[in-house]
Amino acid sequence: MLEKIIFVIQFYFCFSIMCTLMFLGLQLPEEIKMLKIYKIKRTWKDNLCFVRNIIILLLFFPIIAFWYGIKEM
């Protein structure tokens, strides 16, 4: 049973980190494109919001995925 839990933890954390990096890779070109189009400087609030979204994806998505993985066992 312990091996299954360890496998689920590893699988869902790896999966969630891959998804987060894919979302980040898709979001960065859009951010750069918006900067070029509107020529507006980003404020610290914009940067803080972007970092907050990345932290939420890195921390809370694995926890939610792990919860559903445990429920399915």
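Just so you know, residue 1 is the first one in the sequence shown, and it goes up from there.
- Atom CG of Asn47 is separated from atom CH2 of Trp44 by 10.5 Å, given to the nearest 0.5 angstrom.
- For residues 7-25, the set of pairs meeting the salt bridge (Lys or Arg N to Asp or Glu O under 4.0 Å) definition, not counting sequence neighbours, is empty.
- If you take CG on Asn53 and CG on Leu24, they are separated by 10.5 Å, rounding to the nearest 0.5 Å.
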Inset, instruction - Mind running side chain to side chain contact (heavy atoms under 4.5 Å, CB included) on Arg52 and Leu48 for me, showing each step along the way? - result: CA-CA 6 Å; Arg52 183 198 65 191; Leu48 187 65; 5.6 Å; no

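- Nearest heavy atoms, Ile54 versus Thr20: O-CG2, 4.4 Å.
- Here the CE atom belonging to Met22 is positioned 7.0 Å from the CE atom belonging to Met18, to the nearest 0.5 angstrom.
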